[in-house]
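Just below is one structure, and these are the notes that go with it.
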Amino acid sequence: MSATFILMPVLFFSGIIAIAFEDKIGINKSVTALLMCVSLWSILLLDSSITQNNEAFAAYMQLHPDTAAENPAGQIQGFVAQALNIQLGNVSGTLFFILSSMLLVYVVDRYGGFKAVTELLTATDKRKLLWSITLASFFFSALLDNLAAAIVIIAILRKLVPNRTDRLKYACMAIIACNAGGSWSPIGDVTTLLLWTNGCITPVHQATSLFLPAFVNLLVPLTIAHFWLFKKGAVLRESSSCEQDDYAGILPSRIRKSIFWMGVAALLLIPVWQSLFNLPAFMGALAGVVMIWGYTEILFRKKKELLKDAWEMRVNNVLHETDLATIFYFLGILMSVGALETGGHLTLASGFISYRIPDSSLLALLIGVLSSLLDNVALVAAVMGMYPIADPASLTPFVMNGSFWTFLAYCAVTGGSLLIIGSATGVTVMGMENIKFAYYFKRFSGLALLGYIAGAACYALISFI
């Protein structure tokens, strides 16, 4: 085992730690992820000894006998170049899906779609509003993805709960609710998206198997918070304000609501297109973009006078608002994991872990806990590389829709709620509301842990029955 072979996982885990402490280090996580990606693939290309004994390299040589006459360095470069293209092709589908779904959410938000349903959440009683906000977060995250849902909910909270002391409590509960809701939907989190698009789990199976555990994950902390956070009959300290922002007030409520439901329908139809036509997930997302983009273009043509001062609402002007830093981040993370898979590190790690943790359910549970500290996208991508999908005829938990992949979808997403830095949702809300790590840890980490254990127990009970 060469020094560079060992160096690769060291660089990877060092990068993951740097990403976890992004705020302390002061370097954007996208930069770290891209640096990892470039470094790992460069090492693969420069050191031929890493992949020479790799089973994948042996298979490559069998498929390309014409390369036998080349020198070893040329053979390795050809193998790594092919692996790089394959990995990039697989990752691109995920990135285009994320980009398309982000654009859908931005368009709905820009046109006031989310503001149009704000009145449904309006309440002055603190306990009633707590239930409204958390349940909305739970279902929004399944439809939009948990990160987008969190951004929408925080925007709504700033209108409904002007008092910061009250708003922080709702925001922290929204983190738990968004992660819980994201676990039972194939588009609810990037990790569930990876599991779906890589054939580990199907949308129907995930929804039917994990809805109840995810709801229990929310219900347990929500019930405790109902009695613990707010006194009976307590009302908001300041009156709410639901006025429209930007250009959304120009549009009639009917149009804003139609855009909201069109955006939701576009996201809901993604698994349907995949099931009916066997289309990749990103193609379904692009179809949704086409639908809502075309509708808004027609809207501008028909209501030219009404919207003459609101040209910034057009989709082509919203494109620049998409979070490209997040796209680059996922590109770096997923391609870094691909480099470790190509180098044979993940195969070696799977054998090591399987020997020491033979119980797949315990492994998934531990991965969930780790996701509160380390990036869950990297963890799940690495696990998928370590454990290929087993033959359907085999009686193992690693088959498609097997117990491991299903439970992993729950654990990897909801485990991120244990610490506020454990998920993109938590980190985003932390930044938007300037929530301190200690504040969340003292008041909400215990609630999240109780929900995590209760949901896992619910899944175990359902599986047993």
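All of these numbers come straight from a predicted model, not from anything done at the bench.
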Flag yes if more than 12 heavy atoms outside Phe437 fall under 6.0 Å of its CZ atom; otherwise flag no. yes
So Leu229 and Met173, side chain to side chain contact (heavy atoms under 4.5 Å, CB included) or not? Walk me through it. CA-CA 10 Å; Leu229 287 182; Met173 284 301 300; 4.0 Å; yes
Around Phe96, counting heavy atoms of other residues, nucleotides and ligands shown, do more than 12 lie under 6.0 Å from its CZ? no
Determine yes or no for a side-chain-to-main-chain donor-acceptor pair under 3.5 angstrom, with Ser100 supplying the side chain and Phe97 the backbone. no
Distance-minimising heavy-atom pair for Met335 and Cys37: CB-SG, 3.5 Å
Between Phe139 and Phe211, how do the two ring planes meet: parallel, tilted or perpendicular, split at 30° and 60°? tilted
If you count every heavy atom of other residues, nucleotides or ligands that lies below 6.0 Å from Phe398 atom CZ, does the total exceed 12? yes
Distance col, row Asn217:CG vs Tyr452:OH, nearest 0.5 angstrom, shows 9.5 Å
What's the separation between atom CG in Leu331 and atom OG in Ser336, rounded to the nearest 0.5 Å? 8.5 Å
Relative to each other, are the rings of His226 and Trp131 parallel, tilted or perpendicular (30° and 60° limits)? perpendicular
Taking the side chain as C-beta and beyond, is there a heavy-atom pair between Thr32 and Ile25 under 4.5 Å? no
With side chain to side chain contact (heavy atoms under 4.5 Å, CB included) as the criterion, how do Asp125 and Phe230 come out once you've worked through the C-alpha distance, each side chain's angles and the decisive distance to 0.1 Å? CA-CA 10 Å; Asp125 184 279; Phe230 304 114; over 6 Å; no
Do the side chain of Asp145 and the main chain of Leu147 share a donor and acceptor less than 3.5 angstrom apart? yes
Hey, does the side chain of Thr192 reach the backbone of Ser185 with a donor-acceptor pair shorter than 3.5 angstrom? yes
Taking CZ in Phe328 as the centre, count heavy atoms belonging to other residues, nucleotides or ligands within less than 6.0 Å. Is the count above 12? no
Test your reading of the model: is there a side-chain donor-acceptor pair from Trp41 to the backbone of Val38, 3.5 Å cut-off? no
